[in-house]
Novice: 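Pasting in a structure now, in structure tokens, and then I'll have a few things to ask.
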Amino acid sequence: MILDLLFPNRCIECNRIIDPDLLVCDLCFSQIHFTHYAYSEHNPIKERCSLFFPVEHTFALMQFEEESLSRKIIHELKYRNREITGKVLADWTTERLDFKNEKPDLMVSIPLHPKKLRERGYNQLHVFTEALSAFYTIPFDHELLRRNHYAKAQALKDKKHRLETVNTFSVTQPVTGKHILLIDDVFTTGNTISSVAWEILNSGDNKVSVLVMAMDV
């Protein structure tokens, strides 16, 4: 209580004091560009994924635009180590995502390389994935995938190096006959998701769907 008084939670956009379980104030919330994509229908992210691998369904929560509030939110998630960010993004997702009759069997988030995990101290996708898992009663597995190579952040790479994905990921245990929902923070080139998807598709008679927090437009 004393810490809340001394260091109140503030909107990451306008710095207005807000409730401890929020990221942005009501006024700034209206600035977030949600996609309103339907998971089980054709949408722009499905169109882009389909260029690289067979995909069942797709969902993107927000548009990832230059100098946008969504970029600030993702940055808050990835680099500020605030658990509340993953939970809030999960809440926004559950308000907009309806699996209908196409509920996946398993949720799997994109892993960090062990060295990157040690540097950062946490995987920004875990809280988000676990909150979705609890809401939809779908199991998750943080150990199914392994990232084989340490690499600098996608945002720091030039376009040529973003396209290098040979043997980036591997599946740690046999998995077959599953509909797996791959979860990532931002869909940019499709490079990362494609690399992971093919590992899962090639490991057995599996199907892949994709959920991202934001889609680069």
Novice: Nearest 0.5 Å, please: how far is NE2 in H126 from CD in E130?
Specialist: 7.0 Å

Novice: Measure from NZ or CZ of R48 to the centre of the six-membered ring of F187 and say whether it is under 6.0 Å with the direction within 45° of the ring axis.
Specialist: no

Novice: Does D216 reach the main-chain N or O of T189 with its side chain, forming a donor-acceptor pair under 3.5 Å?
Specialist: no

Novice: Find out whether M107 and Y136 are in side-chain contact, i.e. whether some heavy atom of one side chain is under 4.5 Å from a heavy atom of the other.
Specialist: yes

Novice: Taking the side chain as everything from C-beta on, heavy atoms only, tell me whether F64 gets closer than 4.5 Å to M215.
Specialist: no

Novice: Could you tell me if the side chain of F59 sits less than 4.5 Å from the side chain of R96, heavy atoms only?
Specialist: yes

Novice: Testing the basics here: between I138 and P104, what is the closest heavy-atom pair and its distance to 0.1 Å?
Specialist: CG2-O, 3.7 Å

Novice: Taking the side chain as every heavy atom from C-beta outward, state whether R71 and E66 have any pair of such atoms under 4.5 Å apart.
Specialist: yes

Novice: Hey, does the side chain of W198 reach the backbone of F52 with a donor-acceptor pair shorter than 3.5 angstrom?
Specialist: yes

Novice: More than 12 heavy atoms of other residues, nucleotides or ligands under 6.0 Å from CG of D26: yes or no?
Specialist: no

Novice: Closest heavy-atom contact between V55 and C49?
Specialist: CG1-CB, 3.9 Å

Novice: Any salt bridge between K46 and E56, counting N to O under 4.0 Å?
Specialist: no

Novice: Could you tell me if the side chain of S203 sits less than 4.5 Å from the side chain of P174, heavy atoms only?
Specialist: no

Novice: Are F135 and I180 connected into the same hydrophobic cluster when the rule is that any two of I, L, V, M, F, W, Y join if their side-chain heavy atoms are below 4.5 Å apart?
Specialist: yes

Novice: Scan H179, E102, H57 and name whichever one has a side-chain hydrogen bond (donor to acceptor under 3.5 Å, both in side chains) with S209.
Specialist: H179

Novice: For the backbone of R16 and the side chain of R10, can you confirm whether one donor and one acceptor N or O come within less than 3.5 Å of each other?
Specialist: no

Novice: Donor-acceptor pair, distance only, cut-off 3.5 Å: does the side chain of T93 make one with the backbone of L89?
Specialist: yes

Novice: Assess the side chains of K78 and T85: does a donor N or O sit below 3.5 Å from an acceptor N or O?
Specialist: no

Novice: If hydrophobic clusters are built by linking Ile, Leu, Val, Met, Phe, Trp and Tyr wherever their side-chain heavy atoms come under 4.5 Å apart, do I32 and I18 end up in the same one?
Specialist: no

Novice: Just so I know, are the side chains of T192 and D184 near enough to count as touching, which here means a heavy-atom distance under 4.5 Å?
Specialist: yes

Novice: Does I84 belong to the same Ile/Leu/Val/Met/Phe/Trp/Tyr cluster as L22, with side-chain heavy atoms less than 4.5 Å apart forming each link?
Specialist: no

Novice: Looking only at heavy atoms, what is the nearest atom pair of F169 and E199, with distance?
Specialist: O-CD, 3.3 Å

Novice: Donor-acceptor check, side chain of N101 to backbone of F99, threshold 3.5 angstrom: yes or no?
Specialist: no

Novice: Can you see whether S70 engages H33 through a side-chain donor-acceptor pair at a distance of less than 3.5 angstrom?
Specialist: no

Novice: Checking the side chain of N43 only, and the main-chain atoms of I45 only, is there a donor and an acceptor separated by less than 3.5 Å?
Specialist: yes

Novice: I would like to know whether L211 and L132 meet side chain to side chain contact (heavy atoms under 4.5 Å, CB included); could you show each step before the answer?
Specialist: CA-CA 11 Å; L211 186 161; L132 294 181; 4.0 Å; yes

Novice: Does the side chain of V24 reach to within under 4.5 Å of the side chain of I12, using non-hydrogen atoms?
Specialist: yes

Novice: Measure from the side-chain N and O atoms of D141 to the backbone N and O of L144, and report whether any donor-acceptor pair falls under 3.5 Å.
Specialist: yes

Novice: Between A131 and A90, what is the shortest heavy-atom contact and its length?
Specialist: CB-CB, 3.5 Å

Novice: Between the side chain of S109 and the main-chain N/O of I183, is any donor-acceptor distance below 3.5 Å?
Specialist: no

Novice: For G204, does its backbone N or O pair with a side-chain atom of T176 as donor and acceptor, under 3.5 Å?
Specialist: no

Novice: Taking atom OH of Y39 and atom CG of D98, what is their separation to the nearest 0.5 Å?
Specialist: 10.5 Å

Novice: Please step through side chain to side chain contact (heavy atoms under 4.5 Å, CB included) for the pair W92 and L61, ending with a clear verdict.
Specialist: CA-CA 8 Å; W92 293 349; L61 177 63; 4.1 Å; yes

Novice: Check for a donor-acceptor pair, side chain of N206 on one end and backbone N or O of G177 on the other, with a separation under 3.5 Å.
Specialist: yes

Novice: Whether E76 and K72 form a salt bridge (side-chain N of Lys/Arg under 4.0 Å from carboxylate O of Asp/Glu) is what I want to check.
Specialist: no

Novice: For Q31, does the CD atom sit with more than 12 other heavy atoms under 6.0 Å from it, leaving out its own atoms?
Specialist: yes

Novice: Between I73 and L23, is the side chain to side chain contact (heavy atoms under 4.5 Å, CB included) condition met? List the steps.
Specialist: CA-CA 8 Å; I73 292 169; L23 281 180; 4.1 Å; yes

Novice: Run the side chain to side chain donor-acceptor pair (under 3.5 Å) test on S170 and R146 for me, step by step, so that the C-alpha distance in whole Å, both residues' side-chain angles and the decisive distance to 0.1 Å come before the verdict.
Specialist: CA-CA 5 Å; S170 58; R146 179 176 60 239; 3.1 Å; yes

Novice: Answer with yes or no whether the hydrophobic clustering places V88 together with V127; edges join I, L, V, M, F, W, Y residues whose side-chain heavy atoms lie under 4.5 Å apart.
Specialist: no

Novice: Could you state the interatomic distance from CG (N148) to OG (S195), rounded to the nearest 0.5 Å?
Specialist: 9.0 Å

Novice: Kindly compute the distance separating CG (N123) from CG (L112), expressed to the nearest 0.5 Å.
Specialist: 4.0 Å

Novice: Considering only heavy atoms from C-beta outward, does the side chain of V175 approach that of K178 to under 4.5 Å?
Specialist: yes

Novice: Should the heavy atoms of other residues, nucleotides or ligands under 6.0 Å from CD of Q173 be counted, would the total exceed 12?
Specialist: yes

Novice: Is it true that I17 and F29 fall in one hydrophobic cluster, defined by side-chain heavy atoms closer than 4.5 Å?
Specialist: no

Novice: Which atoms form the tightest heavy-atom contact between V171 and L145, and what is the distance?
Specialist: CG2-CD2, 4.1 Å

Novice: The test is side chain to side chain contact (heavy atoms under 4.5 Å, CB included); show your working for V108 and L106 and say whether it passes.
Specialist: CA-CA 7 Å; V108 177; L106 184 66; 3.8 Å; yes

